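Written out below as structure tokens is the structure these notes cover.
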Amino acid sequence: MSTVLEVQGLVVRIPLTFGDLSPVRNVGFSVSTGETLCIVGESGCGKSLTSLAIMDLLPSRARRTANRISFDGVDLTAIRERDMADIRGNRMAMIFQEPMTSLNPAYTIGNQLEEAMLRHRKVARSAARERAVYLLEKVGITAAGQRLKQYPHQLSGGLRQRVMIAMGLMCGPKLLIADEPTTALDVTIQAEILHLLASLKREFDMAMILITHDLGVVARVADRVAVMYAGQVVETGTAKDVFSRPLHPYTQGLLRCVPIPGRTKPGEHLGSIPGLVPNLIGEMKGCSFRNRCLHASVECGAIDVTLQQIGPEISYRCILPVAVAAAYGLEATKA
Amino acid sequence: MFIYFLKRSLVALLVAITVSIISFMLLHLSGDLAQSLAGPTASEADIIQVRKAYGLDRPLVVQYGDWASKAIRGDFGESFFLKQPVFPIIVDRFPVTISLGVSALLLALLVSIPLGIVAALRPNSWIDRLALTISVFGQAMPSFWFGLLLIMLFGINLRWLPVSGTGGWQYYVMPAVTLAYYSMPAFMRLTRAGMMEVLASDYIRTARAKGLRSMTVLFKHALRNAVIPLVAVAAVQLGFALGGSVVIEAVFSLHGVGYLGWESISRADFPVVQAIVLILACLYIVLTLFADLLNAFLDPRIRVN
Amino acid sequence: MSAESHAGAIETTEPSSGAQLRRRLSRHTTFLVGAGILGFILAVALLAPLLAPHDPYAQNLSRRLIPPVWGSGGSWAHPLGTDQLGRDYLSRLVYGSRISLLIGFSIMITSGIIGTFLGIVAGYFGGRIDLIVNFIITTRLAMPVILVALTVAALAGSSVRNVIMVLSLLLWDRFAVVTRSATLQVRALDYVAAAEAVGCSTLRIVAGEILPNILNAIIVIGTIEMANGILLAAALSFLGLGVPPPLPDWGAMIADGKQYMFFSPWVITIPGIALFTLVLGINLLGDGIRDLTAHENRT
């Protein structure tokens, strides 16, 4: 497994008249070929902006800085907009949350699919059309040839999301970023789409980043998990570790809030996390979760909490559960 | 789609009939036509004679029926002043007014769409503010005065263009500019607002996520959707421009339909006026109908159903 | 933009929303410039007998087309010169403001009443009534305004009253369209349904619940139609069928000056600037009110 994307120290700032809003603060993670990384967190935690920052598709007012965004051997922090456009939709593709509005109403599905390939490959339109038909069948759309002539408004939300997935795959990307791809869809269709994404990832040997707020989705498809809170990654680990031995109080709280098939006993009460997400405007000090944390102490507000790396796969941003680290038989080291 | 078109045409037809009644009534209710025809010095006996001669003593409904049934066949009666059939007189003048209206429309679109796009791409930039200022000033200037200022500058001082009259293309430049200046603000605002809305939409993000060049994103994906509402407004504006060409044609002595209407009104030639009002109204109705159809054609959400 | 919203955020702590709106109005440049221009012209109109140096109707054929004071041959006796009949231009301009304002306000109020009535009736009752009103609006839009107005003026005789009447009957459409959709929106709100449920009469609902809510929109359209009415009335005068001579109407002054503009350009530039300034003032005022009330609705 080779690392496809490595992000370090990613910051997104939005300048406002009374101070900078920092929705993404010092985020880092990596993802390898054949692997699914789930970035999970509640709405407003910065997970979507993180994905847009990687694609360089942030709203024009937002400013991106990073120590390192390395994709497939290319340093994305240092390349020109033109070169980034050559990568987008080609080696790195993205699927969005809103299939209903993400396709252009004025053009046929076929036109929009072919366009994605014609932009990056020197192929004839007929070849692009063949590829489009092939991929539409791959994503489970029947009568693909006829669908190409249809307009987005003639398709249901589930079908449109399948079209978006096919569109992302047109150039055979190394990395597919899916931002809440199932949130806007019916529950029954959600499962199908997730299944589809997982099998496509295997078949096309891609790396995948799945952004979601739904821990049920994470449990189903994730290889590794990055939990985000208030613009920071608060815990990373393999899906198995995070679900069975969550280290950060926020992750622990999150897992108490949702029933996990096979883990939550019938009749057991679900938890909740009291309190509100902190304001992300201006400079911040201390642990951003401390006002909602059951274990918070004075120290949590006094020092900047850094990620504790315990082993190659596991890290968490908390000063408290040193005992947990001991449970792994590992020495806690500062990242 | 077909049903929609049918309904739409039916309404258009009803509107046309109503307008024909109004334009007919206008003359008969706003004064004694026979009195106006006979002139201020006419005696009572003269007026009665005129009334008989023009059939004005018949009931209004009969007069309307007579007028309307002939109008459908293009017979709008005879001009009181020119003593010729009305329809050929008007047809003769139409090319001038249509040339003026269409060139003004094209000019307005040619200027305002690019300005609107730039303003949408750079909101609050100097060009956005300039465009806004031009349109605020333009809306406040009486069109006939603006026309006269153009005449003074380009006709009298610089001598670049003929001051007034009807002739080759040079005679249309200033009238078209004047007329265009009044539809520009609407087009510009619409383009700007449409582009800003479209550029913020999800499918533009999708297009960028495909790595498309910014020109492709702008012209293929954004502009196509932003200009759809412009079509309807352009048709309406053309209709208004044809109707409002009276003033411009009067300023520049351009002998089009509007000028004919003005002349006819001042010499109490009411059959001509009636016909012009009706024809211009019908033209407007046809234009808006056409705009609706074009709209449906351009927007697949309406076309393909 | 952001500075404005910042200011708005601070002001939300203030007690009365009327006071808030007044304070915001007092800071809005567009609104202030517009109100200033309109206020100035209004003052000129009211004080015309004091401001005009001469009788606006007094002809003096020996002093025809004297240039304004800055032109060669101009003098302070006639600061803006004289017209082709030797009448003092400044005096005519000053008295002309009365005519333009009278026409503008009258058209705004009359067409406003017609349009608002039709719009509210259509929006409130909906169904067949709405269809009929829509049909009337469509028909009205199809009529070529200037030609129809000219025809009526020619037949009924040109007078200030007739100009106001015919233009009022032709300019109500925007009021109707806007109040109709505004009424539809307000109609859908819960408290109107509540008022209906407790048995309030239709009139009471319209007067008490709907009118106050669409007042902002009506005022904004009012400024647009006032400007529009003044421009159209001036165009009618220019075409010789609006305000009759010898009244000092600005549009008529331009029409009269047209044939002298080659050698005496001021005879058309001066009344033109007056018309332009008045209409600009009204438009700016309307833009300002629209901006500010839209802002108010957001917060």
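These figures come from a predicted structure and were not determined experimentally.
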Should the heavy atoms of other residues, nucleotides or ligands under 6.0 Å from [atom1] of [X] be counted, would the total exceed 12?
{"X": "Trp126(B)", "atom1": "CH2", "value": "no"}
{"X": "Phe290(B)", "atom1": "CZ", "value": "no"}
{"X": "Arg122(B)", "atom1": "CZ", "value": "no"}

Part of residues 258-273 of chain C lying next to chain B, heavy-atom separation under 4.5 Å |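 Answer by number: Lys258(C), Met261(C), Phe262(C), Pro265(C), Ile268(C), Thr269(C), Gly272(C), Ile273(C).
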
Can you check whether Ile254(C)'s main-chain N or O pairs, donor with acceptor, with Trp145(B)'s side chain at less than 3.5 Å?
->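 The answer is no, because no donor-acceptor pair under 3.5 Å joins these two groups.
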
Side chains of Leu141(C) and Phe240(B) in contact at under 4.5 Å (non-hydrogen atoms) =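 When only atoms from C-beta onward are counted, Phe240(B) and Leu141(C) do touch, with a gap below 4.5 Å.
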
Rounded at 0.5 Å granularity, tell me how far [atom1] in [X] sits from [atom2] in [Y].
{"X": "Ser143(B)", "Y": "Leu231(C)", "atom1": "OG", "atom2": "CG", "answer": "7.5 Å"}
{"X": "Asn283(C)", "Y": "Phe137(B)", "atom1": "CG", "atom2": "CZ", "answer": "11.0 Å"}
{"X": "Met141(B)", "Y": "Leu280(C)", "atom1": "CE", "atom2": "CG", "answer": "9.5 Å"}
{"X": "Arg140(C)", "Y": "Ile22(B)", "atom1": "CZ", "atom2": "CD1", "answer": "10.0 Å"}

Please flag which part of Leu147(C) lies under 4.5 Å from any non-hydrogen atom of chain B: side chain, backbone, both or neither.
->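 Contact with chain B is through both the backbone and side chain of Leu147(C).
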
Which bit of Leu14(B) comes within less than 4.5 Å of chain C, counting heavy atoms only: side chain, backbone, both or neither?
->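 Both parts, backbone and side chain.
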
Minimum heavy-atom distance [X]-[Y], with the two atoms named:
{"X": "Phe144(B)", "Y": "Gly251(C)", "value": "CZ-CA, 4.4 Å"}
{"X": "Ala142(C)", "Y": "Tyr284(B)", "value": "CA-CD2, 3.4 Å"}
{"X": "Val279(C)", "Y": "Gln139(B)", "value": "CG1-O, 4.1 Å"}

Carefully, step by step, assess Thr151(C) and Phe270(B) under the rule side-chain contact (heavy atoms from CB on, under 4.5 Å).
-> CA-CA 9 Å; Thr151(C) 311; Phe270(B) 293 110; 4.3 Å; yes

Of Leu239(C), Leu150(C), Leu155(C), the residue whose pairing with Ile265(B) passes side chain to side chain contact (heavy atoms under 4.5 Å, CB included) =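 Only match with Ile265(B) under side chain to side chain contact (heavy atoms under 4.5 Å, CB included): Leu150(C).
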
Leading residue by heavy atom contact count with chain C [cutoff under 4.5 Å; candidates Val277(B), Val19(B), Leu148(B)] =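 Among the listed options, the one with the most contacts to chain C is Leu148(B).
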
Under 4.5 Å, counting heavy-atom pairs only, tell me which of Val236(B), Thr288(B), Ile285(B), Val251(B) racks up the most with chain C.
->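 Winner by heavy-atom pair count: Val251(B).
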
For the candidates Ala154(C), Gly281(C), Ala227(C), Ala234(C), which exhibits the highest count of non-hydrogen atom pairs separated by less than 4.5 Å from chain B?
->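 Of the candidates given, the most pairs with chain B belong to Ala234(C).
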
